[in-house]
Q: 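Would you mind keeping the following structure in view while I ask a few things?
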Amino acid sequence: SPPCNSWSTLAYVAHSRDPKTLKPLKPVAVLGEKLVNKSIQIINYYLKKNPKLLWVIENPKAMLRKWNKMKKYQLSMTTYCAYNFPYVKPTDFFNNFPDGIKLKDPVCKKKTYPIASSKGPQIKREVLYRVPPKLVGDILTQFKKQYGRIKGKEKKDYNKDATVKKFGAKKGHCPPK
C-alpha cells in the first residue's frame, strides 16, 4: 500500500495536492505519486511473468480513487468498523480480481468514531495503521477462490505455487529478483 499521507483527505488540509487537479504541491505528495507509479510498475512486471497474478492496492478512501491512473482498476470499498475495529476509516481496495473483491457493507453496526475524533477512544499508532485481520482474511479467501478459476490455472495448483507458499504470507519477505 502506498503511504496514505499524500492521498488522504488530510492532504487537502495540508495543501499537499491541488484538490481539483491532484497535482502534487509538496514533496510528500511527489513521493506518494512516485510510490504509486512504482507499485504499478512492479505489478506490471510480475503480470508479464505470470498473467494470472492477482493483486490489491489498499489506500484510505480519498484522492487516489480520483487519480486518472487508478480509474482503470476495479475498486472495492469498506470501513474498518465493519470488521470490528473501533474507528471508521473508509478504505479503498484497487484490484484485478476477476469478480472484484466483495467486502462487508461499509455501514458500522456499533458506535464508532472517525480516526481524527477527539470524542472517541485514542487510537495507538500501531493500531491506527493496522488492517483488520478479518478483512485480510476476506480478501485472501476470495483470492483463493478466484485464482483457482482463472483460465489455464487449476485450483489445485494454488498450493503448489512456490511464490505464494514462500512469500505470500510472511511479513517482510520479497519475491526473488
Side-chain angles (χ1 to χ4, degrees), residues 1-50 53-83 85-97 100-101 103 106 108 112-136 138-140 143 163 167-177:
S1 299
C4 62
N5 60 352
S6 73
W7 296 101
S8 74
T9 51
L10 293 176
Y12 289 125
V13 178
H15 305 289
S16 297
R17 284 188 186 280
D18 181 296
K20 291 182 181 168
T21 66
L22 301 182
K23 180 181 177 186
L25 302 175
K26 291 190 176 177
V28 67
V30 172
L31 178 62
E33 203 164 287
K34 285 181 181 180
L35 290 170
V36 172
N37 283 326
K38 188 54 129 176
S39 297
I40 293 168
Q41 182 183 359
I42 291 167
I43 288 167
N44 288 332
Y45 172 82
Y46 281 102
L47 277 170
K48 287 178 187 169
K49 292 188 170 291
N50 177 6
L53 174 77
L54 296 180
W55 56 265
V56 177
I57 294 177
E58 174 271 345
N59 209 252
K61 179 184 172 189
M63 288 192 245
L64 190 57
R65 67 175 25 215
K66 296 176 183 178
W67 197 34
N68 282 336
K69 287 188 180 185
M70 298 305 288
K71 287 183 179 182
K72 63 184 173 183
Y73 303 115
Q74 293 184 77
L75 177 63
S76 301
M77 194 279 289
T78 192
T79 54
Y80 282 13
C81 61
Y83 289 88
F85 264 41
Y87 51 90
V88 180
K89 195 175 182 185
T91 304
D92 287 334
F93 293 86
F94 300 89
N95 66 87
N96 72 333
F97 283 42
I101 301 175
L103 300 171
C108 302
T112 54
Y113 301 89
I115 290 176
S117 173
S118 59
K119 296 178 182 180
Q122 295 303 305
I123 310 295
K124 292 182 179 179
R125 183 177 279 259
E126 63 269 11
V127 174
L128 189 62
Y129 296 109
R130 194 179 298 162
V131 177
K134 289 181 180 181
L135 172 56
V136 174
D138 269 4
I139 293 170
L140 289 175
F143 166 83
T163 304
F167 302 106
K170 292 189 178 183
K171 186 177 180 181
H173 281 76
C174 296
K177 292 181 181 178

Q: Roughly how far apart are L54 CG and L47 CG, rounded to 0.5 Å?
A: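 That separation rounds to 9.0 Å.
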
Q: Picking from K134, R130, K89, what satisfies side-chain contact (heavy atoms from CB on, under 4.5 Å) with Y80?
A: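 The residue from K134, R130, K89 that satisfies side-chain contact (heavy atoms from CB on, under 4.5 Å) with Y80 turns out to be K89.
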
Q: Should D18 and K23 count as an ion pair when the cut-off is N to O under 4.0 Å?
A: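 The answer is no: the pair does not qualify as a salt bridge.
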
Q: Any sub-3.5 Å donor-acceptor pair from E58's side-chain atoms to F93's backbone N or O?
A: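 Here the side-chain-to-backbone pair does not exist.
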
Q: Calculate, to the nearest 0.5 Å, the distance between atoms CD and NZ belonging to Q41 and K34 respectively.
A: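 Here the rounded value is 13.0 Å.
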
Q: Mind running side-chain contact (heavy atoms from CB on, under 4.5 Å) on W7 and R65 for me, showing each step along the way?
A: CA-CA 9 Å; W7 296 101; R65 67 175 25 215; over 6 Å; no

Q: What do the steps show when you test V36 against K69 for side-chain contact (heavy atoms from CB on, under 4.5 Å), and what is the final call?
A: CA-CA 9 Å; V36 172; K69 287 188 180 185; over 6 Å; no

Q: Determine, step by step, whether S16 and V28 satisfy the side-chain contact (heavy atoms from CB on, under 4.5 Å) criterion, reporting the C-alpha distance in whole Å, the side-chain angles of both residues, the deciding distance to 0.1 Å, and the verdict.
A: CA-CA 7 Å; S16 297; V28 67; 3.6 Å; yes

Q: Taking the inter-plane angle between the rings of Y73 and W55 on a 0 to 90° scale, is it parallel (under 30°), tilted (30 to 60°) or perpendicular (over 60°)?
A: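 Because their plane-to-plane angle is over 60°, the rings of Y73 and W55 count as perpendicular.
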
Q: Is the backbone N or O of Y46 less than 3.5 Å from a side-chain atom of N50, with the two atoms forming a donor-acceptor pair by type?
A: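 Not at all, since once roles are kept as given, no pair shorter than 3.5 Å links the two residues.
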
Q: Test your reading of the model: is there a side-chain donor-acceptor pair from T79 to the backbone of P90, 3.5 Å cut-off?
A: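 Not confirmed, T79 side chain does not pair with P90 backbone.
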
Q: With T78 as reference, evaluate D138, L135, D92 under the side-chain contact (heavy atoms from CB on, under 4.5 Å) test and give the passing residue.
A: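 The option that passes is L135.
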
Q: Atom CG in N96, atom CD1 in I43: separation rounded to 0.5 Å?
A: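 N96 atom CG to I43 atom CD1 measures 7.5 Å (nearest 0.5 Å).
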
Q: Can you tell me how far apart CG (L103) and OG1 (T91) are? Round to the nearest 0.5 Å.
A: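 Output value for this atom pair is 10.0 Å.
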
Q: Nearest 0.5 Å, please: how far is CD1 in I57 from CG in L75?
A: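 The CG atom of L75 sits 11.5 Å away from the CD1 atom of I57.
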
Q: Treating R17 as the side-chain partner and A29 as the backbone partner, does any N or O pair qualify as donor plus acceptor under 3.5 Å?
A: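 Yes; judged by distance alone, with no hydrogens or angles, the pair exists.
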
Q: Atom CE of M70 and atom CG of N59: how far apart are they, to the nearest 0.5 Å?
A: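 Going from the CE atom of M70 to the CG atom of N59 covers 8.0 Å.
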
Q: Please give me the minimum heavy-atom distance between F85 and V131, naming the atom from each residue.
A: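 Here F85 and V131 meet closest at CZ-C, 4.3 Å.
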
Q: Is it true that a side-chain atom of S76 and a backbone atom of I101 form a donor plus acceptor pair closer than 3.5 Å?
A: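 At least one qualifying donor-acceptor pair exists.
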
Q: Check G32 against S6 and note the closest heavy-atom contact, atom names and distance.
A: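 Between these two residues, the closest heavy atoms are CA-OG, 3.1 Å.
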
